[in-house]
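We number each residue from 1, following the sequence as shown.
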Amino acid sequence: MATAGTTAGATTTNTPDFAELERSGAVIGKIHINPQNIFDLSDDAENNAFFRWVNRLHIPTRAPVIERVLLFKSGDRVSRQKIDETERLLRASSTRYDVDIKPLTYKDGVVDIEVATRDTWTLNLTGSFSRAGGDNKTSFGIAEQNLFGNGTSISYARTADIDRKGSEFELSQTQLFDGRTTLDFARARFNDGSRTSLIIDRPFYSLDTRWAARGDWREEDRIDPIYNAGNIVSEYRHQIQSAELSGGWSPGLMNGWTRRFSAGGLINDNSYRTESGRVAPLLLPVDNKLRAIFLRMDLLEDAFVKVKNYNRIERAEYLVVGFNARVQLTVPVAAMGSTRSDLLFSAAVSNGTQLMSNRVLLTGVVVDRRIATTGRPMTQAGFTLKYYAPQPARSLFYASLAVDRINGGGIADQLMIGGLSGLRGYPARYQAGDQRVLASIEKRAFTDWYPFRLLRVGGAVFFDSGRAWGGLNQNKVNGGQLSDVGIGLRVALDRTAFANMLHVDLAAPLNRAPGIKPLQFLVKSEFSF
């Protein structure tokens, strides 16, 4: 039985931890759900007039919302794995600042448990500006990510960036029907078209989940640009209609591994047109219809490491250090109206390794064979590497490498680099090609400065180097290897659920061609360092 209310009490001094309780075969008794407001008024540093006012304005998450996330219930035997995974699931929501699951009392083989969570501020009245690679992006709107404490998200925003401007409405609820089903609806109107999507998804929400089902539909109409040397050289209209209906089954978590099997049908139709008043590409993409059935298998290892000051500032985060793999085979069906009958597939493998001194190495390989804008199959393959090495004085060395290649794609399928797509010292989409490599190194600093108990402050010194080349649309002005150096400020909006890491970077290109500024100034919001 789960109960809600204030803290049920401190852990008694002789209460074993969860690992010992599991070994002893303890059974879970009462579960006390304790959703807490944004600020802890029992802490003198947070008990002031402003924080009390904020707490009064905010409606805390309701206990049933927390309870439906739990992977354990009264009467279950204690499982350290389920408790750890529950904490990961709870922390995965941006509406929660902290999570603490602990045993309270233990008697006669029965243990009572408290699940305490602390909220973030979830109402966002936004007006934002970002600049990266010489391009500006602005937005303003309103969003509530935990409406009335019930887990419902609703938002309306107006945005403007290099590609388009317009407005978007989105409504999402993650706990429908059995408490595990998500409904997401989005509708957007832009100066160059529109986008509508509807998703109903009952996912494999945990490693031991036995079944899943999904249905989604999307329709989009937009103008797609083609860039060269950071400038738009041609444009065309792109219309998309897609849908999927699928289901999945799993035997659950067995000996630290989970296997999942899914099957379904999908539609992905793309049509292309020239646009009046716009420069058309020399080769217009070719219309195609993909109507297919697919089979998918996932293999996941239950291996995570809990860290702090890796991608966030003074917030717990989890890195996947286990082996994960996904393979999907897609079979087009001509009888359903598919344009081509070529066999398509995708495969993704990732693995993490925890090294000495809390160092972590993450690697990934992806291969994807899909229909290109030429109307024929193309294959994209990529490799990624990320390395984290904690250093003295609250700092961390970070390095990343990404290498990818496309075979058989058209001019509209090429890989881009520059600005937001890497190489912070150059304009957005500065180079294009069917091959790309990007390497970055950073020395990250995480200060203990906590202004107003609202902001976390950090910084970084970085070096980027990379290149995109090959194919039909190479940068003829500056097509060689590019590098930049820079310095950045990171400010985490510690108690909010939205865009909680402000990046302010100043980057200098080291291979500068005429027309490239000697310094690039970038401002953007991210969820990580």
Determine whether the aromatic ring centres of residues Y156 and F169 are separated by less than 6.0 angstrom. no

Just wondering, do R315 and K308 contact through their side chains at under 4.5 Å, heavy atoms? no

Can you tell whether the side chains of R312 and E317 come within less than 4.0 Å, N to carboxylate O? no

Minimum heavy-atom distance N146-E144, with the two atoms named: N-OE2, 2.7 Å

Should the pair R444 and F397 be classed as cation-pi, given the thresholds of under 6.0 Å to the six-membered ring centre and 45° from the axis? no

Test ring-ring contact (aromatic ring centres under 6.0 Å, His included) on Y310 and Y398; report intermediate values, then the result. CA-CA 9 Å; Y310 278 60; Y398 169 79; 9.9 Å; no

Exercise: identify the closest heavy-atom pair between R68 and G179: CD-CA, 3.7 Å

Quick check with a 6.0 Å cut-off and a 45 degree axis cone: is R62 positioned over the face of F148's six-membered ring? no

Shortest non-hydrogen contact between F529 and H503, atoms and distance: O-CE1, 2.8 Å

When you measure from the side chain of D434 to the backbone of Q414, do you find a donor-acceptor pair of N or O atoms at a distance under 3.5 Å? no

If I compare all heavy atoms of P281 with all of I226, which pair ends up nearest, and what's the gap? CB-CD1, 3.9 Å

Let's go through R96 and D98 carefully: what are the C-alpha distance in whole Å and the side-chain angles of both, what is the deciding distance for salt bridge (Lys or Arg N to Asp or Glu O under 4.0 Å) to 0.1 Å, and is it a yes or a no? CA-CA 6 Å; R96 297 182 189 102; D98 200 7; over 6 Å; no

What closest approach, in Å, do N311 and L319 show between heavy atoms, and which atom pair accounts for it? ND2-CD2, 4.0 Å

Please check this pair: side chain of T86 against backbone of L71, looking for a donor-acceptor N/O pair closer than 3.5 Å. yes

Crowding at CZ, R189 (>12 non-hydrogen neighbours, <6.0 Å): no

Do you know which two heavy atoms are closest between T120 and T496, and how far apart they sit? CB-C, 3.7 Å

Check for a donor-acceptor pair, side chain of T447 on one end and backbone N or O of V457 on the other, with a separation under 3.5 Å. yes

Between N48 and F50, is there a donor-acceptor pair closer than 3.5 Å when you use the side chain of the first and the backbone of the second? yes

Q36 side chain to R118 backbone, donor-acceptor under 3.5 Å: no

